[in-house]
Amino acid sequence: MDALGKVRRTHDNNSLTAADAGREVVLTGWAQRRRDHGGVIFVDLRDREGITQIVFNPERDPAVHEKAKAIRGEYVLGVRGIVSLRPEGMENPNLETGAVEVLVSELWIFNTATTPPFMIEDQLEVSESLRLQYRWLDLRRPRMVRNMTVRHKASRFVREFLNEHGFLEMETPFLTKSTPEGARDYLVPSRVNPGLFYALPQSPQLFKQLLMMAGYERYYQVVRCFRDEDLRADRQPEFTQIDMEMSFVGEEDIMDLSERMIAGLFDAVLGVTVPLPFQRITYETAMDLYGSDKPDLRFGLPLCDVTDIVAKSGFKVFAEAALRGGIVKALNAKGASELSRKDLDDLTRFVSVYGAKGLAWIKVKEKDWQSPIAKFFSDDEKAALSQKIGMEQGDLVFFVADTKKVVNEALGHLRLQMAERMKLIEDECFAFAWVTEFPLMEYDETEKRNVALHHPFTAPMDEDLALLESEPARVRSRAYDMVLNGTEIGGGSIRIHQRPMQEKIFSALSIEPSEAEEKFGFLLSALASGAPPHGGLAFGFDRLIAILCGEKSIRDVIAFPKTQKAACLMTQAPSPVSALQLTELSLRVSRPE
RNA sequence: GGGGGCGUAGUACAGUUGGUUAGUACGCCGGCCUGUCACGCCGGAGGUCGCGAGUUCGAGUCUCGUCGCUCCCGCCA
């Protein structure tokens with residue numbers, strides 16, 4: 001084993017070209033692969049940047065060649081040698097450095113390596129749990145290096161953009177106060193205050209508002225947030241937000257700045273030109289047309305409300321849904337009438353997940369409809385349906401009848417499913433949109449009260465203020481979500497900046513004045529002491545990077561992510577702690593049997 | 001909390017109706033090979049079939065439980 005000593009590389013492994021031929025260079029890196037021909041030995045030397053082929057020739061230097069026989073996969077090497085053009089016909093077009101190779105005159109083996117449990121290459125077939133267990137090896141794979149590099153470039157671009165637009169990057173506490181609304185908090189026990197707890201922030205929401213009240217005008221932070229809820233492919237217990245807030249602005253200012261930032265980011269990272277401004281769509285329209293508040297606009301397939309047409313029909317399922325205040329909507333899968341009975345059964349099971357009790361369908365054939373429900377409709381009803389839905393020969397039309405919520409959930413997801421099946425989604429297509437005019441609150445059946453849809457500090461729309469007491473569910477908010485390809489990548493709002501309004505909203509959310517004072521007293525006090533009009537936005541950085549990288553899971557753009565059970569397979573966190581630690585924290589653990 | 005999928009050499013998989021010695025590929029080790037780049041050829045080692053019970057003359061295979069990974073529902077302002 002050789003010491004590093006004064007050995008320093010002159011180039012990384014992605015930079016040598018034909019122009020460097022004849023130069024003496026020093027390279028360092030990992031042995032990706034060794035090809036021993038008995039005589040000459042080739043080694044692919046890999047680092048973060050790429051691969052360079054190094055050559056050991058016994059005729060050139062027998063001692064070095066002998067030493068090179070010991071090289072195995074992932075050994076850490078340094079070499080000194082002469083850059084040389086490869087013999088004609090021996091160039092490797094797959095490598096950036098494929099025109100040249102380095103003829104080694106000196107070899108240092110800085111470290112050996114155990115045989116890795118999986119190969120360090122992109123086209124690997126290995127379970128994710130093994131990758132997570134040996135994450136330091138997984139992170140050596142070029143694709144992961146690429147993902148981490150994109151992440152770095154993105155955060156760097158965002159910082160520079162916001163810096164140039166007068167924003168201050170400011171930090172906010174991680175040890176903070178548990179608040180009643182929203183997600184479950186991660187709690188941290190306080191040793192010096194026995195029995196009391198901090199909460200890790202779900203977002204720096206209140207702090208950034210307080211910074212506006214403190215007069216900082218423009219704030220941002222690339223910040224970790226924590227939510228103790230169950231995980232998904234796009235949800236981790238700790239995740240990163242680009243958090244920003246501005247004073248003396250309205251919705252348009254924030255949306256305009258944000259979309260220019262995102263367009264700049266896509267240009268800087270992917271070289272993709274994103275047309276501005278983004279499409280705007282109201283919550284109501286999004287739900288009507290796409291059954292979702294984060295519609296995927298890369299394709300059409302809009303939903304169609306047919307409640308009026310079928311309300312009086314002989315098909316009881318539809319008529320009764322309408323009678324009970326529900327709705328009936330249709331999804332026209334253009335040209336999909338060739339789906340088999342089994343496909344339709346599968347899709348029925350697919351929508352049942354979202355609470356749909358059934359999935360009616362009509363195949364539009366040459367002369368008539370092929371459908372189990374066609375017989376229930378009069379000729380007039382058929383004509384009206386056909387016209388409203390735009391039914392043409394070869395179409396397959398789905399229907400769901402239920403409450404508004406179930407119908408939209410079921411058909412909204414069916415729409416995505418069908419688009420995938422019908423291959424309607426182009427690669428490299430980025431459909432951005434703003435969704436606006438969200439409801440301010442909605443009734444929560446389990447809590448038996450109104451809860452904020454966004455958060456309780458979101459301002460209501462002025463024109464809906466009159467409804468606040470009479471019909472609170474109809475009050476729209478000054479919130480906006482940025483949606484990309486069916487993923488919510490950011491969201492924000494204009495905030496309440498006057499104490500009486502904030503108290504009114506707390507009251508509408510059934511938060512008692514005493515509780516409001518206890519939990520948010522500092523906010524109420526600050527609102528009364530010269531709070532400027534303000535608003536902001538937070539981007540889900542991990543989701544954004546996953547889309548930029550073309551990854552399905554945000555785990556692939558986080559260096560050390562957690563599993564679905566919120567565990568780190570590498571460190572084995574979470575883990576038990578000593579009795580002493582618990583005693584110091586005044587904690588006793590009771591575990592259910 | 002609930003539903004689906006997966007779990008067999010280091011890795012990815014195959015394994016028939018429950019049947020006697022659990023295979024294949026890659027990787028690994030050894031030998032040969034002076035222009036490969038997924039080098040090639042020859043040989044070899046390597047298995048708690050996730051774990052635990054049960055059924056059976058006999059379980060990788062069937063049953064139950066359990067653990068882990070994953071996708072989804074609930075949840076995630």
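Chain identifiers are assigned alphabetically (A, B, ...) following the order of the sequence lines, protein sequences preceding nucleic acid strands; residue numbering begins at 1 within each chain. Computation of the quantities below employed the complete heavy-atom set of this structure, encompassing side-chain atoms and omitting hydrogens, waters and symmetry-equivalent molecules.
A sub-4.0 Å separation between OP1 or OP2 of rC29(B) and a side-chain N or O of Arg72(A) is present. When the side-chain nitrogen and oxygen atoms of Arg33(A) are compared with OP1 and OP2 of rC39(B), one or more of them lie within a distance under 4.0 Å.
Here the C1' atom of nucleotide rG68(B) and the CG atom of Leu231(A) are 15 Å apart, to the nearest Å. Note: CD (Gln53(A)) to C1' (rU34(B)) measures 13 Å, nearest angstrom. The distance from atom CD of Gln202(A) to atom P of rC75(B) is 16 Å, rounded to the nearest whole Å.
Nucleotides rC49(B) and rU8(B) have their P atoms positioned 11 Å apart, rounded to a whole Å. Rounded to whole Å, the separation between the C1' atoms of rU66(B) and rU21(B) comes to 32 Å. Atom P of rC42(B) sits at a distance of 16 Å from the matching atom of rC33(B), rounded to the whole Å. Nucleotides rC26(B) and rA38(B) are separated by 15 Å at their P atoms, to the nearest Å.
A donor-acceptor contact under 3.5 Å is formed by the side chain of Glu101(A) with the base of rG35(B).
Within the structure, the salt bridge (charged side-chain N to carboxylate O under 4.0 Å, His left out) test picks out the following pairs touching residues 113-128 of chain A (sequence neighbours left out): Arg33(A)-Glu121(A), Glu128(A)-Arg555(A).
Out of rA12(B), rU70(B), rC33(B), the shortest distance to the side chain of Val126(A) is found at rA12(B).
Residues of residues 560-568 of chain A having a heavy atom closer than 4.0 Å to RNA chain B, listed by number: Thr563(A), Gln564(A), Lys565(A).
The aromatic ring centroids of Tyr354(A) and His413(A) lie less than 6.0 Å from each other.
Using a 4.0 Å cut-off between charged side-chain N and carboxylate O, Glu66(A) and Lys69(A) make a salt bridge.
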